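Read the structure below first, then the notes.
Since the structure is predicted, the reported quantities are computational estimates derived from the model, not experimental observations. In what follows, chains are A, B, ... by sequence order, proteins preceding strands, each numbered from 1.
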There are 2 protein chains.
Amino acid sequence: MRATTKDLALAAGVSLATVDRVLNGRPGVKQDTVERVNHAIQKLSFRRNIVAANLARGKFYTFLFMLPKSGDQFLAELIARIDEANLAFAAEMIRLEVMEIPESDPHRIANMLGSLDPNRIDGVAIMVPESPQVRDAKTRLAERGIKTINFISGQDTDAQAAFVGTDNRAAGATAGRLMGRFAQQRAGSVLVIAESMQSRDSVERRLGFDAVVNADYPNLTVLPSLESYGDPERTERIIRNSFVNHQDIAGVYILSSEARVPLEVVTRLPMQTKPIIIAHERTPFTEAALRADKIDTLITQDTGHLVRSALRVLRAKVDGREILASQEKIRIEILLKENI
Amino acid sequence: MRATTKDLALAAGVSLATVDRVLNGRPGVKQDTVERVNHAIQKLSFRRNIVAANLARGKFYTFLFMLPKSGDQFLAELIARIDEANLAFAAEMIRLEVMEIPESDPHRIANMLGSLDPNRIDGVAIMVPESPQVRDAKTRLAERGIKTINFISGQDTDAQAAFVGTDNRAAGATAGRLMGRFAQQRAGSVLVIAESMQSRDSVERRLGFDAVVNADYPNLTVLPSLESYGDPERTERIIRNSFVNHQDIAGVYILSSEARVPLEVVTRLPMQTKPIIIAHERTPFTEAALRADKIDTLITQDTGHLVRSALRVLRAKVDGREILASQEKIRIEILLKENI
DNA sequence: CACTACTTGAGGTACGTACCTCATAGCAAG
DNA sequence: CTTGCTATGAGGTACGTACCTCAAGTAGTG
């Protein structure tokens, strides 16, 4: 039915041992012979039975997810998906581990990355803020044979590293488009709330958002970003202040992944006309808010896909395979209460 | 690391042969012994290595997709995904076949289903209009050991059959919500264009759409559905007529999966104020229309997911496993040009 | 020509499971 | 006691690949 290594050997006129040497890049085969085998591979359109290969190899891929420690519900969601995938992919010889790390300390992160054992860890999905230290650490990991990908955040920082996550500029633009269309030509200001504008992801979402709103919705004025620094009290204070200073707030865009705290503050404030509220990521809290009509829409990424895609990309890197980037593109989803 | 059958045998104090008999439901094992083995399975939390099992069994799952013949681009998209999956899942011993069938002839469909060979076909994903004949045919297939699922259309027709596809009522409701929110309180009529209102799917989308628009957007009046019967000339005629008869058309909702023909007609018509246009499914044509601002949004389902989900559900049925229905829920996606 | 290095083949074991055959032990009915 | 049946074990082969060892061949070097 499907060509096996045995068929290959027969077709190429060599032994199984030589086929094995060629397939697994082992040394000691004449160039001439390599080509004969490769030709047979073409001719029979041989594709290695990965399933059998993994069985034989008895190899476990061990991948590490390095996540920020300070997360809230989005992070919890992510970890739940990782645990899920850990079970689901055990049959495919994949083992997942999670490490949470204080993201404020680049040195500590770099140290953690540096101390990973290449004999134990095959690859790391890294979701921490970019910094020169971390970038160096990634380079050193590559040298030691541990594959890395940038996970959710950190797109494009270094072109050589793969990225699994959404295009944050597009996500911001999507939010901007919906803000404009939902705002019904109402004139007013739009509040933008971020955890910190230090991170590239926040900046990109903001850029995408601004680009659309400024270009197509002149009735809306996007205010400077408020930065919560993840501090609930500060969040409360700066949002309250903004509503006092701007009586004409027509929209609120919460661009951070953890929307719960700012959302609680915003929805608790008394107001005459409810602004359009757009937030990111699906969590128990945001989902309930959407169902209760407290927010207008959610821009999300499927956490299950994120995790599975990270696995596939890491495994492909370990196997030295190329992967169709297109297939691993994470969709920017729009959630209304009708399609939750 | 992970328990194997050998560990099971050891723990249960029986031989590998007996473990095998219990695991595969072979006869000739005392009830007492069966329980001992089952207990060991629990204790070691043994899970059969499916990969190895399939290797050993040398079994190929052969699944058939029975699709309507009269499709356009959405169908082509679907077939492309099936071909893709056929390659991708070859390693997992899954073989896919496609059969296109004139969906207007229930007897012919029932005959085709009846003539399937249980020795060759393990399961069928059926995407054809519901009819008593087809329902009977499915029952007979079940008796002959061929698993079936309703694919994309036909949800709920029979409760016993699995369904892979989106909730069409929710999809219609999503379209309704966006129509209402995008229409900016403009008053006017909304044109609804379907291929046929005979199919349950169309009815459900329409119901969902109406429910939302009627409840929340009194400014909009949803007109009776136009039925194109898949005939381009008729489509042109009835849409033109509608625009002549209703000067106040504020929105157009194309609820059929194949949107190209009606969309071409609508976008070709000269009009003063462009209505809000909402269509279903992502195809080269609809995607281009979205990019060109000719339509406002697309409500889609990921065809790749549809196909893969169908596979997983069918395989689970063949293996006699239960599957997490939640995991196989197909998302209703909203596409704007920003998140294409 | 002898020595070395490289190339190839032959054959084995293993991974975890399925499936088969044969032997044997236990037990009950006749 | 024989017959027959059930329950179980022991052991083998197979799936497709990985990885290992050993032998033997070829070619090139000095």
Report task. Answer whether the closest heavy-atom distance between the side chains of B:His305 and B:Arg308 falls below 4.5 Å. Result -> yes
Requested in this report: Would you mind checking if A:Arg140 and A:Glu143 are paired as a salt bridge, meaning a charged N to carboxylate O distance below 4.0 Å?
Outcome: no
Report summary line: In B:Ile101, B:Ile149, B:Leu113, B:Leu64, the residue satisfying side-chain contact (heavy atoms from CB on, under 4.5 Å) with B:Ile126 is B:Leu113
Query raised in the report: Which parts of nucleotides 11-29 of chain D does protein reach within less than 4.0 Å, heavy atoms only, written one letter per nucleotide 5' to 3' as B for base, S for sugar-phosphate only and - for none?
Result: ----BBBSB----------
Query raised in the report: So, is A:Thr18 near the phosphate of C:dG9, with a side-chain N or O under 4.0 Å from OP1 or OP2?
Result: yes
**Report entry** Separation of atom CG in A:Leu10 from atom P in C:dG9, rounded to whole Å
**Finding:** 12 Å
Query raised in the report: Between A:Ser309 (side chain) and A:Leu306 (backbone), is there a donor-acceptor pair under 3.5 Å?
Result: no
Report task. Spell out, as yes or no, whether a donor-acceptor pair under 3.5 Å connects the side chain of A:Arg331 to the backbone of B:Glu333. Result -> no
